[in-house]
Amino acid sequence: MNLKNHNSTYNKMKVKTLLLALATLAAACSSPLKDGEYKLTLLTTNDVHGHFFDSTYVGGGLSKSLMAVHHLVDSVRNAEGAENVVLVDAGDCLQGDNAAYYFNYVDTTSKHIWSRIVDYMDYDACAWGNHDVETGHPVYDRVFSDLKKDGIPLLAGNAIRNDNGKTYFPLYTVVKRAGVKIAILGYTNANIKAWLSENIWSGMHFVPIMSRCQEDVDMVRKKEKPDVVIVAMHSATGKGDGSILEAEAMDVFKGVKGIDFVVCSHDHRPFTTKNDSLALINSGSHCRYLGHGTMHFKVEKGKIVSKTFDTELIPVDAANVDCKMRDSFHDDYAAVKDFTLKEVGQLKSDLRTRDAYKGMSDYINLIHTLQISCSPAQISFAAPLTYNGTVKAGTLIYNDLFTIYPFENQLFVIKMSGREIKNYLEASYDNWIQTIVKADDHVLKIRNYDDPRTGQMGWSFVGRSYNFDSAAGINYTVDVTKPFGERIAISSMASGQPFDEGANYFVAVTSYRASGGGGLMKAAGVDSDNIEERVVEKYPEIRNILYNYLMDIGSIDPAVTGDHSRIGQWDFIPKELATKALERDMDLLFKKK
């Protein structure tokens, strides 16, 4: 026998067999639905922000978590039949809790806990959020690789590679449930450039979801011929008028044809809506709700001839968890808890983050001291990043550092003119306060409206408090009786040297702010698209700067961090009028707690 010819014939037979199998599979996948009535259930999560475990690390309390979410997911799967249920996440899972931080930056060799949880819960697809991007290439590339090995796609169809114009992550995936072919398209937030330094997302750029969503849906429908199309997008609900780049969900809901479900996120506002042709679900954030949508449809002659939708948000009970899941991840919880309880120094007196809303405070003075200590900074901008947190005097543990500084922002030192600094502060305080005439006027920009972003019931800020920047390194006043543009009067540098609006200064800001976050740079007249031209120094994450400060100094002493000769001083004026109005508003916000 000619061995060469035998091998050639054998290989050809193998190829033919493989091609026949693929053809059979393709025919099966593209076969039309049988006539009848169908029900598809969609479950959604988003903005989990690291809430993986059901127990807090300090005090032994309960926390709403993916362990409680999984209990609900299993309940629905058991009731509806797992073959009829799709589970999708819409991003922002890799930041916000000690567990996420630990597996992002401390334990970098184990398979990431979120990858393992996603696999354990049997998600069908996950979209990519801006806070997932914030973790940097080493983290999200690792997570993507983990998930890919498990057959779970991480989707971002509008994150485009700079080298070849293809998507950095896949645009879509296809799953089947009870004979129903379902295409899931995923997108990330188009406004990432406005918040994050380019080195974090190097090699790609982001385009508006609406600029390509219709084309993508049409392509997927033509190529895959799905029965149902789901779009999972890490973008806020928005107004549906195309006016907000970071909030495109209602734009897609109103303007893109061929979709059955829109799953959105980002703004932490629980919301659902529907019409005769599609439904939208935003489950809020932090595992407070599980999004639940159902699609009933009828098939005649292989085509869907009618469909109806139901949507709801199922409250998550922190106490009802999947015990097997808790046991499976017990060692991970123990590792994070040990890290969390690590002693890092001493605190001489209590820090309350909410004190920052009414003037200079020990809390913001600390942040300013850290930032202005980073050479060559002369001035610092900082805002309260924890809405209402307290760190008690005594021994500090690493967990306290997350209360003091919850985000992984880097520190940039940039060059700004005196005029830009003044304009920046005018814009910041205009987010924060309003002009008053008498003491019973509201000086803080608040309203009697529940805030789903913070869980604040009753009175809440109109704007977001993490955009309430004050300054250090200068002496200035904020006149609450003056209109926007006339409130800020800068008298001198902290040292007593003159402040010159025509001079240039080195200013310490977060990477979020330098990249355009909150719009304050734009209001000051600074082009964030070209911020690198102004950057004179970059430092690591600010929480790491805080940690290093404690390792060097050993304690946080407000008498040291509040040194006016170093950080300067600012006040709301007229003093008596402003103080009375601020006290009244703070009582409304925090109910004298």
Side-chain angles (χ1 to χ4, degrees), residues 39-56 61-94 96-97 99-100 113-127 129 150 152 175 177-178 182 184 228 230 232 234 261-266 268-274 279-296 309-330 332-333 452 455:
K39 178 184 178 182
L40 175 69
T41 297
L42 172 64
L43 300 179
T44 73
T45 58
N46 57 267
D47 297 278
V48 169
H49 287 292
H51 278 227
F52 307 143
F53 302 125
D54 64 314
S55 299
T56 60
L62 289 176
S63 174
K64 294 189 177 184
S65 66
L66 284 178
M67 293 181 175
V69 169
H70 190 47
H71 172 78
L72 284 176
V73 170
D74 268 0
S75 298
V76 175
R77 282 173 172 159
N78 290 333
E80 302 291 342
E83 71 278 7
N84 298 310
V85 178
V86 176
L87 177 61
V88 173
D89 183 82
D92 270 11
C93 293
L94 298 180
D97 182 88
I113 188 172
W114 186 63
S115 305
R116 288 182 280 128
I117 286 176
V118 166
D119 185 34
Y120 186 96
M121 294 179 64
D122 200 16
Y123 274 86
D124 292 290
C126 302
D150 293 325
I152 302 169
V175 299
R177 290 292 184 274
I182 304 155
I184 306 169
V228 175
I230 298 168
H234 192 80
F261 285 101
V262 175
V263 182
C264 63
S265 54
H266 183 63
H268 296 191
R269 296 176 183 269
F271 178 74
T272 70
T273 190
K274 62 180 180 175
L280 178 146
I281 302 173
N282 181 338
S283 68
S285 69
H286 298 88
C287 299
R288 291 178 289 162
Y289 298 97
L290 174 67
H292 181 211
T294 56
M295 175 181 173
H296 298 263
F309 295 88
D310 290 303
T311 60
E312 66 172 335
L313 297 173
I314 305 175
V316 174
D317 183 347
N320 286 332
V321 303
D322 183 319
C323 295
K324 289 183 179 179
M325 183 177 180
R326 177 201 284 155
D327 293 342
S328 295
F329 292 94
H330 172 75
D332 300 293
Y333 170 77

Exercise. Is a side-chain N or O of Ser63 found less than 3.5 angstrom from the main chain of Ser65, in a donor-acceptor match?
Worked result: no

Exercise. More than 12 foreign heavy atoms under 6.0 Å from NE2 of His296: is that the case here?
Worked result: yes

For this session: Could you tell me which non-hydrogen atom of Thr44 sits nearest to which non-hydrogen atom of Leu290, and how far apart they are?
Result: O-CD1, 3.4 Å

For this session: State, yes or no, whether a side-chain contact exists between Phe52 and Asp97 at a heavy-atom distance under 4.5 Å.
Result: no

Problem set entry | Test side chain to side chain donor-acceptor pair (under 3.5 Å) applied to Asp122 - qualifying residues, sequence neighbours left out | none

For this session: Using only heavy-atom distances, determine whether the side chains of Asp89 and Thr45 contain a donor-acceptor pair under 3.5 Å.
Result: yes

Exercise. From Leu40 CG over to Ile230 CD1, what is the distance, rounded to the nearest 0.5 angstrom?
Worked result: 6.0 Å

Problem set entry | Value rounded to 0.5 Å, distance of OG1 in Thr272 from CZ in Phe309 | 13.0 Å

For this session: Compare every heavy atom of Arg177 with every heavy atom of Val86, then report the nearest pair and how far apart it is.
Result: CG2-CG, 3.8 Å

Problem set entry | Pairs meeting criterion salt bridge (charged side-chain N to carboxylate O under 4.0 Å, His left out) with involvement of residues 45-56, two or more places apart | Asp54-Arg326

Problem set entry | Separation of Leu66 CG from Met121 CE (nearest 0.5 Å) | 5.0 Å

Seminar exercise, completed: On a heavy-atom basis, the closest approach of Cys93 and Ala100 is O-CB, 4.3 Å

Exercise. Hey, does Asn46 have a side-chain heavy atom less than 4.5 Å from the side chain of His266?
Worked result: no

Problem set entry | Partners passing ring-ring contact (aromatic ring centres under 6.0 Å, His included) against His51 (at least two apart in sequence or in another chain) | His286

Exercise. Of all heavy-atom pairs between Val316 and Cys287, which one has the smallest distance, and what is that distance?
Worked result: CB-O, 3.1 Å

Problem set entry | Residue pairs, two or more places apart or on separate chains, that pass ring-ring contact (aromatic ring centres under 6.0 Å, His included) and touch residues 61-87 | His70-Tyr120

Exercise. Are side-chain heavy atoms of Leu313 and Ile281 found at a separation under 4.5 Å?
Worked result: yes

Exercise. What heavy-atom pair brings Leu72 and Pro315 nearest, and what distance separates the two atoms?
Worked result: CD1-O, 3.8 Å

Exercise. Looking at CG of Leu94 and NE2 of His49, how far apart are the two atoms once the value is rounded to the nearest 0.5 Å?
Worked result: 10.5 Å

Seminar exercise, completed: CG of Asp332 to CD1 of Ile117, rounded to nearest 0.5 Å, is 7.5 Å

Exercise. Does Thr56 reach the main-chain N or O of Gly61 with its side chain, forming a donor-acceptor pair under 3.5 Å?
Worked result: yes

For this session: Sequence neighbours left out, what passes side chain to side chain donor-acceptor pair (under 3.5 Å) with Glu312? Give chain and number order.
Result: His292

For this session: Not counting sequence neighbours, which residues clear side chain to side chain donor-acceptor pair (under 3.5 Å) with Lys324? List them please.
Result: none

For this session: Considering non-hydrogen atoms only, spot the tightest contact between Ala90 and Ser265 and give its length.
Result: O-OG, 3.1 Å

Exercise. Could you state the interatomic distance from CG (Asp317) to CG (Leu62), rounded to the nearest 0.5 Å?
Worked result: 8.5 Å

Exercise. Stepwise, does the side chain to side chain contact (heavy atoms under 4.5 Å, CB included) test hold for Leu42 with Val263?
Worked result: CA-CA 10 Å; Leu42 172 64; Val263 182; 3.8 Å; yes

For this session: Side-chain contact test, heavy atoms from C-beta onward, threshold under 4.5 Å: evaluate it for Ile182 versus Phe261 and give yes or no.
Result: no

For this session: Kindly say whether Asp74 contributes a backbone atom to a donor-acceptor pair with the side chain of Asn78 at under 3.5 angstrom?
Result: yes

For this session: Taking the side chain as every heavy atom from C-beta outward, state whether Val48 and Val69 have any atom pair closer than 4.5 Å.
Result: no

